[in-house]
Structures are given as structure tokens and as C-alpha cells.
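Note sheet for the following structure.
Owing to the predicted nature of the structure, the values given are computational and were not obtained by experimental measurement.
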Amino acid sequence: FTVAVAEAYLRALEAEEIWRNEEAAYASLSQLVLEQAEKAQAGRIPEFLVDQARQDLLRSDDRRQRERAAYERALDQLKLDLGVPVDQPLEPDPGVLAALGAADEGPAPAAAVATALDARLDLRNARDQEDDARRKVAVARDALRARVDLTLGAELTTPGEAPLDFGRAAPTGGVGLDVDLPLERTAERNAWRAAQLAATQAARARERLEDQVALEVREAARRLDQAARSRQIQTEGVRLAERRVESTALFLEQGDATIRDRLEAEDARRQARNALTTARVDHFLARLRLASDLGTLRVDGAGGWTLLPEPPPPPQNGGFPEPVK
């Protein structure tokens with residue numbers, strides 16, 4: 001539930017950030033169109049070059065409108081996930097995106113699997129169920145043996161006319177043996193065999209769950225590694241796109257570049273910014289899902305979470321007192 005709500009919240013922030021990027025791209029293109037229109041009026045460049053810029057401006061205007069609608073849809077979906085009315089004013093904090101942390105690659109798959117096998121509570125439950133099934137086998141096997149019960153009895157008989165006259169009471173006692181020889185144990189043998197089958201099923205269920213957890217954790221670790229690398233690549237892509245816009249703007253003023261070069265640079269910067277926003281959100285969600293799969297995600301009563309670097313120590317005997325041996 002925590003991961004699902006966090007994803008809905010971050011996706012809404014992602015949609016807002018992409019919309020803001022489209023707004024910034026539209027403002028930059030608007031300024032470019034004004035500059036090139038002035039040059040066209042002065043006869044320095046042909047009019048069709050300005051029309052190219054105007055076409056890109058129209059496409060940018062369409063994108064920013066669509067991205068705004070996408071942000072509003074994501075915000076409405078977040079309200080539904082939070083259980084608040086869709087007409088309730090709600091504005092996510094954009095500073096959350098800036099505090100998502102560094103692009104760490106996470107643990108190696110082998111280390112992640114070892115952590116999950118030790119920390120996952122469902123695996124602990126499966127192991128406890130297997131232990132319970134094995135104990136039932138031992139109890140059922142014990143029922144196949146002979147049983148000899150020693151019976152001891154004693155009583156004190158007082159006279160009928162004086163029930164409280166213990167001085168004339170006659171004590172009596174007895175000793176007996178209750179012997180149950182293992183001559184007919186069909187029901188007990190069937191119960192023992194059923195317990196053995198149940199223990200085997202519990203062991204197989206535990207092994208199957210361990211394999212499933214290992215598969216999930218390895219895939220989650222790979223996704224985190226891929227998301228971290230993608231975030232690093234997109235960060236470098238934004239840096240290069242920013243430098244490309246600056247250089248093409250300078251060359252355009254000097255006449256060494258065309259408007260198309262500047263428009264392509266602007267579009268590349270827009271795409272790089274959007275890709276970086278998505279990569280940052282994907283990376284954090286991958287880390288959050290990995291922590292959930294590892295069993296190291298802890299949620300407090302106020303809804304906050306902690307990504308534990310190491311699995312918590314398992315409780316002694318599940319928190320129950322030691323059985324009597």
C-alpha cells in the first residue's frame with residue numbers, strides 16, 4: 001500500500017514537472033519566434049524560416065496543453081488513491097523530486113537475495129509452518145508406540161452416621177497399570193502418514209516461496225541497477241542538451257547556424273529534461289520496490305517509511321516462550 005501510494009504521488013509530480021518543462025520550452029520558443037520575426041521584418045532572413053519556428057511553437061503549445069491535462073488526470077487519480085474527493089484542492093510538493101537521493105545502483109543480486117531470505121516475514125512464516133508440520137510428524141509417530149499408565153488411587157471412608165468422624169475412618173488405596181499394546185494402530189499409522197505428507201508439502205511450499213522470492217529480488221535488483229544507469233545517462237543528456245542550446249544560439253547570432261539547428265536543439269533539451277524527470281522517479285520507485293521485496297521497508301504509524309540498510313534480527317522463537325522439552 002505504501003509503495004502504491006508513493007508511486008501515485010510521484011507520478012503526479014512527474015506529470016507536473018513534465019508540464020513545467022513543456023511550459024519552459026514554449027516560452028523559449030516564443031522568444032525565439034519574436035527574435036526571428038524581427039530579423040525577417042528587417043530583411044535579414046527569409047520569412048519561411050520564421051514560419052518554421054512558428055510551426056514548432058504551435059506543436060509546443062499543443063504539447064503543453066496535453067501535458068497539463070495529463071497532470072490533472074494524475075492528480076485526480078492520486079486523490080482517488082488517497083480517498084479524498086476529486087474536487088478537493090490538492091497540490092503536491094515539487095520539492096520532493098529534488099530530494100529523491102543519489103543515483104545509487106543498489107546491492108548485487110546475490111547479496112539482495114541473501115538479505116531477502118533472512119528478512120522476508122512471509123518466508124519466516126513458511127519456515128515456522130514447516131517446523132510445525134515436522135513437530136506434528138513427531139507427535140503422530142509417538143502415538144504408534146505402546147502406552148503404559150500407572151494408576152494410583154486413595155480414599156478415606158468414614159462411618160455413615162458420623163461423616164466427619166475421621167478417627168474411625170478406614171483408609172483404602174489401590175495401584176494399577178493401564179497397558180495399551182501396539183497391536184492395532186491403523187488409525188494412528190494413517191495419521192502419521194498424513195502428517196508426513198503435510199510436512200513434505202510444507203517443505204516444498206517453503207522451497208517454492210524461496211525460489212519465487214529470489215526471482216523477484218534478482219529482477220528488482222536488476223531494475224534498480226538499470227534505473228540508476230538510466231538516470232545517470234539522462235543527467236548527462238540534459239547537460240549536453242543545455243550546452244547545445246547555448247552553442248546554437250551563439251552560432252545563430254553569428255550566422256554560422258540555421259533556425260532549424262536551434263529548433264532541434266530546443267526540442268532535444270525538452271526531451272532530455274522530460275526523460276530525466278521520468279528517470280529520477282523510476283529510479284526512486286525501483287529502490288522503494290526493492291526494499292519492499294527485500295523485507296527491509298518499515299512503515300510507521302504516521303505513514304513514514306524507513307529503508308533499512310540491513311535486515312532486522314529475527315525474533316527468538318517467533319516471540320513466544322521456549323517450549324517445554
Side-chain angles (χ1 to χ4, degrees), residues 1-28 60 63-64 66-79 81-82 90-109 112 216-246 265-294 296-299 303-309:
F1 176 77
T2 299
V3 174
V5 173
E7 181 174 6
Y9 186 80
L10 290 176
R11 291 305 180 191
L13 284 174
E14 175 189 353
E16 182 185 18
E17 183 72 11
I18 291 177
W19 168 49
R20 300 295 183 188
N21 292 338
E22 296 294 344
E23 290 285 352
Y26 179 79
S28 180
S60 178
R63 283 193 302 267
R64 67 168 183 160
R66 286 188 282 107
E67 294 300 337
R68 178 179 178 84
Y71 166 61
E72 292 174 351
R73 285 194 301 270
L75 200 58
D76 289 342
Q77 183 61 47
L78 174 62
K79 294 176 184 178
D81 294 338
L82 296 179
L90 180 64
E91 185 176 354
D93 182 10
V96 173
L97 288 179
L100 290 184
D104 57 314
E105 298 181 359
E216 293 175 354
V217 169
R218 289 176 64 88
E219 181 62 23
R222 284 191 291 264
R223 285 197 300 265
L224 177 58
D225 181 70
Q226 180 181 359
R229 295 178 184 274
S230 177
R231 180 175 173 178
Q232 294 172 353
I233 292 172
Q234 299 304 332
T235 301
E236 179 65 14
V238 169
R239 188 186 68 84
L240 294 177
E242 295 286 355
R243 191 172 68 177
R244 180 181 174 186
V245 169
E246 295 175 358
E266 289 283 351
D267 189 63
R269 179 172 65 177
R270 175 190 63 82
Q271 294 183 27
R273 288 176 175 176
N274 292 342
L276 177 59
T277 300
T278 301
R280 292 168 63 191
V281 173
D282 289 345
H283 172 257
F284 182 81
L285 290 177
R287 184 170 58 176
L288 195 62
R289 293 191 189 99
L290 177 60
S292 178
D293 292 338
L294 290 177
T296 58
L297 176 63
R298 292 293 178 267
V299 182
W305 65 65
T306 303
L307 305 181
L308 300 180

Check your understanding: Taking it one step at a time, do Arg269 and Val238 satisfy side-chain contact (heavy atoms from CB on, under 4.5 Å)?
Key -> CA-CA 6 Å; Arg269 179 172 65 177; Val238 169; over 6 Å; no
Exercise for review: Give a yes or no on whether Gln226 atom CD has more than 12 heavy-atom contacts from other residues, nucleotides or ligands under 6.0 Å away.
Suggested key: no
**Study point:** Partner of Glu23 under side-chain contact (heavy atoms from CB on, under 4.5 Å), chosen from Glu67, Arg64, Arg68
**Key:** Arg64
Practice item. Return the minimal non-hydrogen interatomic distance between Ala112 and Ala221, and the atom names on each side. Key: CB-CB, 4.5 Å
Exercise for review: Measure from the side-chain N and O atoms of Ser292 to the backbone N and O of Leu288, and report whether any donor-acceptor pair falls under 3.5 Å.
Suggested key: no
Point to revise | Considering all heavy atoms, the nearest Ser60-Ala25 contact | key: OG-C, 4.0 Å
**Study point:** Rounded distance [0.5 Å steps], CG in Leu297 versus OG1 in Thr2
**Key:** 6.5 Å
Check your understanding: Could you walk me through whether Glu7 and Glu14 pass the side-chain contact (heavy atoms from CB on, under 4.5 Å) check?
Key -> CA-CA 10 Å; Glu7 181 174 6; Glu14 175 189 353; over 6 Å; no
Check your understanding: Which heavy atom of Ala286 sits nearest a heavy atom of Ala227, and at what distance?
Key -> CB-CB, 4.2 Å
Practice item. Output, in order, the C-alpha distance, side-chain angles, deciding distance and verdict of salt bridge (Lys or Arg N to Asp or Glu O under 4.0 Å) for Arg270 and Glu266. Key: CA-CA 6 Å; Arg270 175 190 63 82; Glu266 289 283 351; over 6 Å; no
Review point. Can you check whether Leu97 reaches Arg280 side chain to side chain, under 4.5 Å on heavy atoms?
Key: yes
Point to revise | Minimal non-hydrogen separation, Ala220 against Leu290, with atom names | key: CB-CD1, 3.7 Å
Check your understanding: Below 4.5 Å, heavy atoms only, C-beta onward: do Leu75 and Pro92 meet side chain to side chain?
Key -> yes
Review point. Would Tyr9 and Val96 count as a side-chain contact (heavy atoms from CB on, under 4.5 Å) if you check the C-alpha gap in whole Å, the side-chain angles of each, and the deciding distance to 0.1 Å?
Key: CA-CA 10 Å; Tyr9 186 80; Val96 173; 4.1 Å; yes
Review point. Is it true that atom CZ of Arg243 has more than 12 heavy atoms of other residues, nucleotides or ligands lying nearer than 6.0 Å?
Key: no
Point to revise | Worked verdict on Arg289 versus Glu216 for salt bridge (Lys or Arg N to Asp or Glu O under 4.0 Å) | key: CA-CA 10 Å; Arg289 293 191 189 99; Glu216 293 175 354; over 6 Å; no
Review point. Stepwise, does the salt bridge (Lys or Arg N to Asp or Glu O under 4.0 Å) test hold for Glu17 with Arg20?
Key: CA-CA 5 Å; Glu17 183 72 11; Arg20 300 295 183 188; over 6 Å; no
Exercise for review: Provide the closest heavy-atom pair for Asp81 versus Ala8 in the form atom of the first, atom of the second, distance.
Suggested key: OD2-CB, 3.3 Å
Check your understanding: Salt bridge check: are Arg11 and Asp282 linked by an N-O gap of less than 4.0 Å?
Key -> yes
Practice item. Flag the pair Asp293 / Glu219 as yes when at least one side-chain heavy-atom distance between them is below 4.5 Å, and no otherwise. Key: no
